[in-house]
Undergrad: 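Right, I'll just put the structure down here and ask away after.
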There are 2 protein chains.
Amino acid sequence: MASVTLKDVAKVADVSYATVSRAVSGSPEISEETRRRILKICKEMGYTPNSIARSMVKRCTNILGLIVPSLNNPFMSELTADLEIYARNRGYNLMVCNSSYDHDLELEVFSLLIGRQVDGVIMIPVGHEPYESLSALTKQVPTVFISENMQDYPENYVSVDNYRGMQIATEYLFSLGHRDILYFGARSNSKTHELRLDGYLSSCEKLGMTPHVLRSTYSRSSREVGYALAGEYFSQPRQETAILCSADMLAIGVKQAAYEAGIRIPKDVSLMGFDNISFSALPEIDLTTINQPTQQIATSAVDMLLDHIRDPEAERTNLILPPSLIERKSCRSVRA
Amino acid sequence: MASVTLKDVAKVADVSYATVSRAVSGSPEISEETRRRILKICKEMGYTPNSIARSMVKRCTNILGLIVPSLNNPFMSELTADLEIYARNRGYNLMVCNSSYDHDLELEVFSLLIGRQVDGVIMIPVGHEPYESLSALTKQVPTVFISENMQDYPENYVSVDNYRGMQIATEYLFSLGHRDILYFGARSNSKTHELRLDGYLSSCEKLGMTPHVLRSTYSRSSREVGYALAGEYFSQPRQETAILCSADMLAIGVKQAAYEAGIRIPKDVSLMGFDNISFSALPEIDLTTINQPTQQIATSAVDMLLDHIRDPEAERTNLILPPSLIERKSCRSVRA
DNA sequence: ACAGGTAACGTAAACGTTTGCGTAAAACAG
DNA sequence: CTGTTTTACGCAAACGTTTACGTTACCTGT
């Protein structure tokens with residue numbers, strides 16, 4: 001398990017270990033001949049450069065931290081995969097941490113990642129409230145958020161246009177004839193979910209509908225949360241003809257509860273989600289939803305972060321990507 | 001961005017930096033009084049220990065590598081989440097790498113992780129064939145596989161009992177009256193999938209059924225692969241009354257193809273999966289399957305790896321966990 | 001009071017790299 | 001052939017820790 005170091009190969013090659021370093025790191029100040037000779041010896045001895053030691057002196061680790069609320073939500077796990085692959089192709093590895101939708105834990109793993117000397121952090125924040133403590137952290141390391149943030153927190157971020165996305169959803173349901181639309185969301189104080197709600201509310205106002213909002217006490221956008229909340233809702237008389245969920249996972253939970261309550265979708269009630277996770281495309285789910293350009297979010301987030309790492313003084317940029325309607329079979333027209 | 005080091009706080013506290021180190025690392029050879037004084041100064045100056053430097057001298061990083069074929073499969077992403085959380089609670093961070101079901105890439109990221117000086121590697125292997133090259137890597141760092149491996153590769157591993165699991169599935173379908181069962185698998189040469197197939201074959205022999213096997217040319221157990229392969233299959237006349245898939249994701253793809261071909265499940269054909277991903281519990285999917293004890297796999301894998309790290313000479317242990325049948329509504333009895 | 005022990009802290013080496021600087025030899029210009 | 005530049009390499013410091021060892025000062029027991 002004791003690995004071979006520069007000094008070891010230097011001894012064998014009968015050169016100083018600085019020369020070996022230059023050979024392996026591709027420095028120009030070395031002759032092609034000795035480079036080939038040394039690299040051959042490296043192979044033979046099974047030398048692997050110690051990136052920890054390299055990080056010490058170069059003062060960068062080529063490691064990125066990723067803080068994500070959960071990997072059980074396919075939107076986030078697929079995003080994580082895209083981030084990892086893209087980052088690795090650009091020479092960076094990803095240290096992944098679950099915040100488990102816990103605000104304190106989120107901050108805790110953030111400083112843990114800083115202690116790990118990551119070169120940058122990508123974070124999907126769970127909420128928005130106590131971000132004074134977060135600022136103290138983002139000052140220490142380049143950070144990009146996958147979330148929308150307002151002027152009061154002008155860090156780098158990339159996101160789908162949540163506000164517009166939910167407007168599109170609301171307008172779509174309106175165009176189908178729905179006039180009583182229930183907005184169904186997790187209790188998250190994140191900007192992302194705040195803007196989605198605002199988009200719904202603004203469209204309601206514009207279209208002259210009275211909004212109905214039902215929010216869970218949990219901040220987690222999971223199937224279980226949607227299921228539990230919808231179970232209650234369906235047990236009582238209702239007037240809404242459509243349910244607009246702030247996430248596909250919630251919608252899937254709602255659908256499950258509807259199924260068990262004998263309520264058919266879209267016959268008895270229309271259902272929409274947001275995110276367009278891959279499972280929503282299943283014929284049995286067939287959920288009309290708003291698409292997030294996951295891959296583009298991932299590549300942009302990494303690009304923005306690397307730019308910021310290379311030039312910390314550069315101006316912060318934000319990127320809002322356009323959402324799009326994915327029309328499937330979970331909504332029906334209720335025109336008379 | 002320039003962080004404060006031991007020397008900086010030593011200067012302020014007017015002690016040697018060794019003393020500061022002892023204060024923060026909880027060494028006993030320091031008085032309680034100076035410890036408190038130094039820790040207070042650390043807080044004030046915002047000192048965060050540099051774990052890179054610590055890793056240099058302690059010769060361990062407290063980082064674990066995870067190599068996973070894909071995060072798009074909920075079985076793997078949920079497993080990843082469990083691994084990360086459990087490992088973090090034991091003081092280790094996770095560096096996650098996708099192998100994308102690519103054998104060469106798998107080996108490439110493995111050596112990349114070794115260069116990163118990870119203390120151990122957890123790997124869900126994509127295949128089994130060219131494992132001479134893998135041995136060269138596992139010799140360099142403690143490794144545990146989440147997969148079954150045979151005597152020819154006696155590394156640490158933890159897995160559900162794939163062979164028995166598929167026997168249970170086959171026997172279950174038999175007990176329902178099925179005599180023509182199609183085994184539907186991805187072309188994976190991993191031990192995991194090999195054993196699942198073997199379990200099916202052995203049960204067929206024991207129960208006097210002639211096996212029918214259909215395998216994809218892709219090694220990826222994805223919805224798309226299941227969909228494509230089943231599309232072909234359903235376009236031709238068939239005699240089988242049940243389809244047994246080597247993974248839930250495949251079964252979900254099969255179900256989608258069946259839906260589009262107008263074939264109803266379980267009325268026209270019964271369907272079974274393997275893994276018990278959370279989506280299989282949805283009423284619209286409602287897939288009868290074999291459960292993997294994900295959480296236990298995750299904790300055991302981490303425990304085994306940490307044991308191995310602490311005592312590299314210790315004997316390798318393997319853990320085979322019992323599978324269990326999850327009976328849902330995707331299979332029907334065909335007794336006359 | 002004195003030997004011996006212990007508690008608390010300082011000194012310095014070490015971990016494996018990278019890299020600025022120095023220097024010898026080789027290449028070149030005149 | 002001399003003087004200058006260039007090339008290829010060695011030397012040594014530095015990155016921020018940990019820790020074995022030394023060294024005080026203080027506390028024991030007799």
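Letters A, B, ... mirror the listed sequences (proteins, then strands); counts begin at 1.
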Undergrad: Would you check if A:His308 and A:Arg316 make a side-chain contact, meaning some heavy-atom pair closer than 4.5 Å?
TA: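 They are in contact (side-chain heavy atoms under 4.5 Å apart), so the answer is yes.
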Undergrad: To the nearest angstrom, how far is B:Lys58 atom NZ from C:dG16 atom P?
TA: 16 Å
Undergrad: Considering non-hydrogen atoms only, spot the tightest contact between A:Tyr101 and A:Ser221 and give its length.
TA: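 Result for this residue pair: OH-N, 3.7 Å.
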Undergrad: If I take atom OH in residue A:Tyr17 and atom P in nucleotide D:dA12, what distance separates them, rounded to the nearest angstrom?
TA: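 These atoms are roughly 9 Å apart.
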Undergrad: Which of residues 22-45 of chain A sit near DNA chain C, with a heavy atom under 4.0 Å from it?
TA: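 Residues of residues 22-45 of chain A under 4.0 Å from DNA chain C: A:Arg22.
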Undergrad: Looking only at side-chain atoms of B:Lys7, point me to the closest of C:dT17, D:dT17, C:dT19.
TA: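 For the B:Lys7 side chain, the nearest candidate turns out to be D:dT17.
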Undergrad: Separation of B:Met56 atom CE from C:dT18 atom C1', in whole Å?
TA: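 For the pair B:Met56 CE and C:dT18 C1', the rounded distance is 12 Å.
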Undergrad: Return yes if a side-chain donor-acceptor contact under 3.5 Å exists between A:Arg116 and B:Asn93, otherwise no.
TA: yes
Undergrad: Closest approach to the side chain of A:Ser21, judged atom by atom: which nucleotide of D:dT17, D:dC15, C:dT18 is it?
TA: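 Closest nucleotide among those given: C:dT18.
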Undergrad: Just by distance, with hydrogens left out, do B:Ser135 and B:Thr138 show a side-chain donor and acceptor under 3.5 Å apart?
TA: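 Absent: no donor and acceptor within the cut-off.
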Undergrad: Find the distance B:Leu6:CG to D:dA14:P and express it as a whole number of Å.
TA: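 Atom CG in B:Leu6 sits about 17 Å away from atom P in D:dA14.
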Undergrad: Between B:Tyr17 and B:Asp8, do the side chains contain an N or O donor and an N or O acceptor separated by less than 3.5 Å?
TA: no
Undergrad: Between B:Glu33 and B:Arg37, is a salt bridge (Lys or Arg N to Asp or Glu O under 4.0 Å) present by the stated rule, with each step listed?
TA: CA-CA 6 Å; B:Glu33 186 197 339; B:Arg37 190 171 63 88; 6.0 Å; no
Undergrad: Could you check whether A:Thr80 and A:Ser77, counting side-chain N and O atoms only, form a donor-acceptor pair closer than 3.5 Å?
TA: no
Undergrad: Closer to the 5' end of DNA chain C via nearest nucleotide, is it B:Ala53 or B:Ser16?
TA: B:Ser16
Undergrad: For the side chain of A:Asn50, counting heavy atoms from C-beta on, which of D:dC11, D:dT17, C:dT17 is nearest?
TA: C:dT17
Undergrad: Between P on D:dT18 and CD1 on B:Ile52, what's the gap in Å once rounded to a whole number?
TA: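 It is 13 Å, rounded to the nearest whole Å.
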Undergrad: Where the side chain of A:Arg54 is defined as all heavy atoms beyond and including C-beta, which of D:dT17, C:dT18, C:dC9 is the nearest nucleotide?
TA: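 Among D:dT17, C:dT18, C:dC9, the one nearest the side chain of A:Arg54 is C:dT18.
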Undergrad: Among the candidates C:dT17, D:dG16, C:dC9, find the nucleotide nearest to the side-chain atoms of B:Thr5.
TA: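 In terms of side-chain proximity for B:Thr5, the closest of C:dT17, D:dG16, C:dC9 is D:dG16.
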